[in-house]
Asker: 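Let me begin by handing over the structure; questions about it come next.
First the proteins, then the strands, lettered A, B, ... as listed; each starts at 1.
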Protein chains: 2
Amino acid sequence: MTGRRGRPPKSADSGLSRERILKEALALVDEEGLAAVSMRKLARRLGVDPMSLYNHVDGKDALLDGIAEVLLAAIPAPAPGTGLRETMSALARGFRAAMLGHPRAAPLVLTRQLASMTALAPVEAVLGPLLAAGYPPDRAVHGLRAVLAFLIGTLMREVDAAPTFSSTGDLGRLADLSASGLPAVAEAAPHLAVCDHEAEFEFGLGILLDALAP
Amino acid sequence: MTGRRGRPPKSADSGLSRERILKEALALVDEEGLAAVSMRKLARRLGVDPMSLYNHVDGKDALLDGIAEVLLAAIPAPAPGTGLRETMSALARGFRAAMLGHPRAAPLVLTRQLASMTALAPVEAVLGPLLAAGYPPDRAVHGLRAVLAFLIGTLMREVDAAPTFSSTGDLGRLADLSASGLPAVAEAAPHLAVCDHEAEFEFGLGILLDALAP
DNA sequence: ACCTGAACACCGTTCAAGT
DNA sequence: ACCTGAACACCGTTCAAGT
């Protein structure tokens with residue numbers, strides 16, 4: 001019984017691991033934003049040679065996918081056995097909360113093609129009640145995707161990564177809108193110049209859930 | 001009358017202009033994708049020193065914003081005077097068509113914070129009929145934003161920039177889904193493994209328009 | 001007013017070498 | 001198995017110089 005299971009401490013055991021790398025990468029994104037992420041800077045933060053990262057992660061793109069999966073994994077599974085509407089609503093809220101917890105990293109989830117199976121648990125949680133409610137599988141998938149599209153679109157805006165087509169709340173903007181010469185824009189200017197994300201989210205989600213789970 | 005309006009051909013008149021730069025940049029994105037865009041490569045294609053671009057464009061980020069505005073400007077204004085539902089539906093289709101015409105550039109529109117007034121024309125076109133139909137301004141803006149969020153989310157998926165949470169149509173995937181051990185996922189696997197974008201778009205848009213413009 | 005080229009401070013990744 | 005550092009082929013942008 002030598003302990004250590006055949007892993008002699010030898011020399012440069014830096015304690016690096018995929019998990020530690022992803023955690024530090026997420027912290028870096030939270031602090032400095034996506035544009036600031038580089039393999040070299042991340043290595044510096046970990047006190048390690050840049051090339052060491054490649055022993056645990058497949059390159060920069062795989063690193064970003066990894067961060068996305070960490071975020072995705074934070075979505076809580078809804079309590080089983082509750083009704084269709086409650087389940088869908090809880091999942092949507094969980095998704096939103098997970099993204100708003102890391103707004104600068106959220107675009108990684110919202111804009112990347114993720115191959116992972118990580119996200120299948122939420123899919124199951126939505127699809128189950130839809131099928132149980134009598135939806136034929138193809139319509140259930142349509143419904144799932146419609147809600148997902150709305151979620152992605154709203155969250156991109158909340159996270160400041162999507163076009164508002166009108167404003168972000170600064171004051172000069174209100175004047176611009178009023179003076180645009182477009183009558184409807186001018187009339188709605190006070191509302192275009194602000195965005196209550198919470199209300200926006202509830203409004204859209206309400207429409208979709210009314211249609212899918214009345 | 002000297003003609004030439006005080007612009008002597010002098011020397012290195014390269015014929016560069018903001019318009020020519022943006023056009024070539026869009027072509028570059030169409031051909032090689034967003035990741036391949038660099039000031040230096042773009043300059044090479046234009047037969048010009050990289051730094052010359054900075055006389056017409058404010059840097060790489062402004063260049064990307066410029067491309068996005070070119071795309072946005074391609075959305076046709078809907079015929080005025082038609083009904084609420086027709087107007088919203090036409091605009092949604094026009095937006096979608098403009099993005100699908102340049103799928104690799106579309107993320108620039110869908111994921112960037114655009115300060116431009118370029119997009120106010122479509123906003124006016126939607127808001128006008130909503131207000132005329134008796135919507136109070138705040139609810140009209142809610143409706144506008146809900147549709148926009150759905151559009152952004154669906155288009156991100158169509159353009160392969162968003163997570164599907166299940167698949168992209170390859171065949172190994174279907175097997176994975178069926179064998180996932182998740183009963184609802186397995187039952188819906190054939191539908192999760194494919195995505196008829198047209199049908200998906202109509203389904204979601206239909207729900208929203210039914211709620212907003214019945 | 002517009003164009004140029006050298007220079008600076010960065011990148012991601014390959015490869016050969018170490019332990 | 002994991003870590004290192006030199007090297008390669010790139011980046012965006014500043015600045016001084018040209019016309």
Side-chain angles (χ1 to χ4, degrees), chain A residues 2-26 28-29 31-68 104-105 107-108 112-113, chain B residues 2-26 28-29 31-68 104 108 112-113:
Chain A
T2 60
R4 294 264 190 187
R5 296 241 260 354
R7 169 149 67 62
K10 266 211 176 163
S11 62
D13 191 340
S14 66
L16 219 46
S17 74
R18 180 179 163 86
E19 200 196 353
R20 208 159 82 80
I21 290 174
L22 291 182
K23 208 183 135 189
E24 190 66 35
L26 178 54
L28 173 55
V29 176
E31 285 167 34
E32 306 190 34
L34 269 180
V37 178
S38 80
M39 298 298 273
R40 292 167 116 113
K41 188 186 291 193
L42 181 57
R44 226 176 295 134
R45 284 175 66 121
L46 288 161
V48 116
D49 185 278
M51 287 316 298
S52 300
L53 302 178
Y54 287 80
N55 289 309
H56 302 89
V57 145
D58 219 25
K60 188 181 182 179
D61 246 52
L63 173 78
L64 297 178
D65 283 344
I67 302 176
R104 310 182 84 171
L108 292 176
R112 311 202 115 224
Q113 205 84 27
Chain B
T2 59
R4 293 254 185 199
R5 295 243 260 355
R7 170 147 69 62
K10 268 213 173 160
S11 63
D13 191 342
S14 66
L16 219 47
S17 74
R18 182 179 161 85
E19 202 198 348
R20 208 158 83 79
I21 290 173
L22 291 182
K23 209 183 131 188
E24 190 66 34
L26 178 54
L28 174 55
V29 177
E31 286 167 33
E32 306 190 33
L34 271 179
V37 178
S38 81
M39 298 298 272
R40 294 168 116 112
K41 188 187 290 192
L42 180 55
R44 227 176 294 135
R45 284 175 66 120
L46 288 161
V48 115
D49 185 277
M51 286 316 297
S52 300
L53 302 178
Y54 288 80
N55 288 309
H56 302 90
V57 145
D58 221 28
K60 188 180 182 180
D61 246 52
L63 173 79
L64 297 178
D65 282 344
I67 303 176
R104 310 182 84 171
L108 292 176
R112 310 203 118 224
Q113 204 86 24

Asker: Would you indicate, yes or no, if C/dA1 has its OP1 or OP2 atom less than 4.0 angstrom from a side-chain nitrogen or oxygen of B/His56?
Answerer: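 It does not, given that no N or O in the side chain of B/His56 lies less than 4.0 Å from OP1 or OP2 of C/dA1.
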
Asker: Distance check needed: D/dC2 C1' versus A/Asp49 CG, whole Å only.
Answerer: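 That distance rounds to 12 Å.
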
Asker: Using both distances under 3.5 Å as the test, list the Watson-Crick or G-U wobble partner of C/dT19, or none.
Answerer: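 Base-paired to D/dA1.
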
Asker: Just how far, in rounded Å, is P of D/dT19 from CG of B/Asn55?
Answerer: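 Rounding to the nearest Å, CG of B/Asn55 and P of D/dT19 are 17 Å apart.
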
Asker: For the CZ atom on B/Arg18, are there more than 12 heavy atoms of other groups (residues, nucleotides or ligands in this structure) within a distance under 6.0 Å?
Answerer: no

Asker: For the pair made of CE in B/Met51 and C1' in C/dT4, what is the distance, rounded to whole Å?
Answerer: 10 Å

Asker: What's the NZ-P distance between B/Lys41 and D/dA9, to the nearest Å?
Answerer: 16 Å

Asker: Is the phosphate of C/dC2 approached by B/Ser52 (side-chain N or O, under 4.0 Å from OP1 or OP2)?
Answerer: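 It does not, given that no N or O in the side chain of B/Ser52 lies less than 4.0 Å from OP1 or OP2 of C/dC2.
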
Asker: Please report, rounded to the nearest Å, how far the P atom of D/dA16 is from the OH atom of B/Tyr54.
Answerer: 17 Å

Asker: Is there a side-chain polar atom (N or O) of B/Ser38 under 4.0 Å from OP1 or OP2 of D/dC11?
Answerer: yes

Asker: Counting heavy atoms from C-beta on, name the nucleotide in D/dC3, C/dT4, C/dT13 closest to the side chain of B/Val48.
Answerer: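 The answer is C/dT4, which lies nearest to the side chain.
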
Asker: Can you measure A/Arg40 atom CZ to D/dA9 atom P for me and round it to whole angstrom units?
Answerer: 15 Å

Asker: In this structure, which one of B/Val48, B/Leu26, B/Leu63 forms a side chain to side chain contact (heavy atoms under 4.5 Å, CB included) with B/Ile21?
Answerer: B/Leu63

Asker: Check the distance between D/dC2's C1' and A/Arg18's CZ and give it to me in whole angstrom.
Answerer: 17 Å

Asker: With a non-hydrogen cut-off below 4.0 angstrom, is A/Met39 in contact with a base, only sugar-phosphate, or nothing?
Answerer: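 The residue A/Met39 makes sugar-phosphate contact but no base contact.
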
Asker: Under 4.5 Å between any side-chain heavy atoms of B/Asn55 and B/Leu16, yes or no?
Answerer: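 No, every pair of side-chain atoms sits at 4.5 Å or beyond.
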
Asker: Nearest 0.5 Å please: distance from the CG atom of A/Leu42 over to the OG atom of A/Ser52.
Answerer: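 So the CG of A/Leu42 and the OG of A/Ser52 are separated by 11.0 Å.
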
Asker: Does the side chain of B/Asp58 come within less than 4.5 Å of B/Asp65's, by heavy atoms?
Answerer: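 No. Closest side-chain heavy atoms not under 4.5 Å.
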
Asker: Measure the distance from CZ on B/Arg20 to P on C/dC2 and round it to the nearest whole Å.
Answerer: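 Nearest whole value for this atom pair: 14 Å.
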
Asker: Using purine N1 to pyrimidine N3 plus N6-O4 or O6-N4 for Watson-Crick, or N1-O2 and O6-N3 for G-U wobble, each under 3.5 Å, what pairs with C/dC8?
Answerer: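 C/dC8 is paired with D/dG12.
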
